[in-house]
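Predicted model only: the values in this text are computed from it and were never measured.
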Amino acid sequence: MEKLTAACIQLNAGNDVERNLELAAESVRRAAARGARLIALPEYCVLLDGSGRVMRQHSPAESEHRALPAFAALAPETRAWLLIGSLTL
């Protein structure tokens, strides 16, 4: 039987989407470098704000969400399966 190494990423996302994407990508790369092939990210890993208004204002349609192509490219780069907890859509 083949061994599967999994990783759970802990992030403290805020309201800066680009910074959150950078931190998530760095964390995924570190986990993959340590052998993880299934990497789980937390809920709202790209945007989290205490204001529902801010969350709604920064919630693009799925086809326009910049996190999806970023994570789609990151998966083959790291040769890992990514589980994105949730995104604001």
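- Considering CG of N15 and OG of S51, their distance stands at 9.5 Å, rounded to 0.5 Å.
- Contacts of E18 classified as side-chain hydrogen bond (donor to acceptor under 3.5 Å, both in side chains), with partners at least two apart in sequence or in another chain: R66.
- In this structure, D16 has no side-chain hydrogen bond (donor to acceptor under 3.5 Å, both in side chains) partners at least two apart in sequence or on a different chain.
- Between the H58 side chain and the V54 main chain, a donor and an acceptor come within less than 3.5 Å of each other.
- Separation of atoms CZ (R34) and CZ (R29) is listed at 14.5 Å; rounding is to 0.5 Å.
- Between E22 and R19 a salt bridge is recorded (basic side-chain N to carboxylate O distance below 4.0 Å).
- Nearest approach of A36 to A6, heavy atoms of both residues: CB-C, 4.3 Å.
- For the pair T88/M55, a side-chain contact is recorded, criterion being any heavy-atom separation below 4.5 Å from C-beta on.
- Looking at N20 and L11, their side chains never come closer than 4.5 Å, going by heavy atoms from C-beta outward.
- Between A32 and I39, the shortest heavy-atom distance links the atoms N-CD1, 4.0 Å.
- For the pair L48 and A13, the tightest heavy-atom approach, listed with the atom from each and the gap, is CB-O, 3.8 Å.
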Could you tabulate the donor-acceptor pairs under 3.5 Å formed by side-chain atoms of residues 78-87, not counting sequence neighbours?
unit_1: T78; atom_1: OG1; unit_2: L74; atom_2: O; d: 2.8
unit_1: T78; atom_1: OG1; unit_2: A75; atom_2: O; d: 3.3
unit_1: S86; atom_1: OG; unit_2: Y44; atom_2: N; d: 2.9

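- In the hydrophobic clustering of ILVMFWY residues, with side-chain heavy atoms under 4.5 Å counting as a link, I9 and L38 come out apart.
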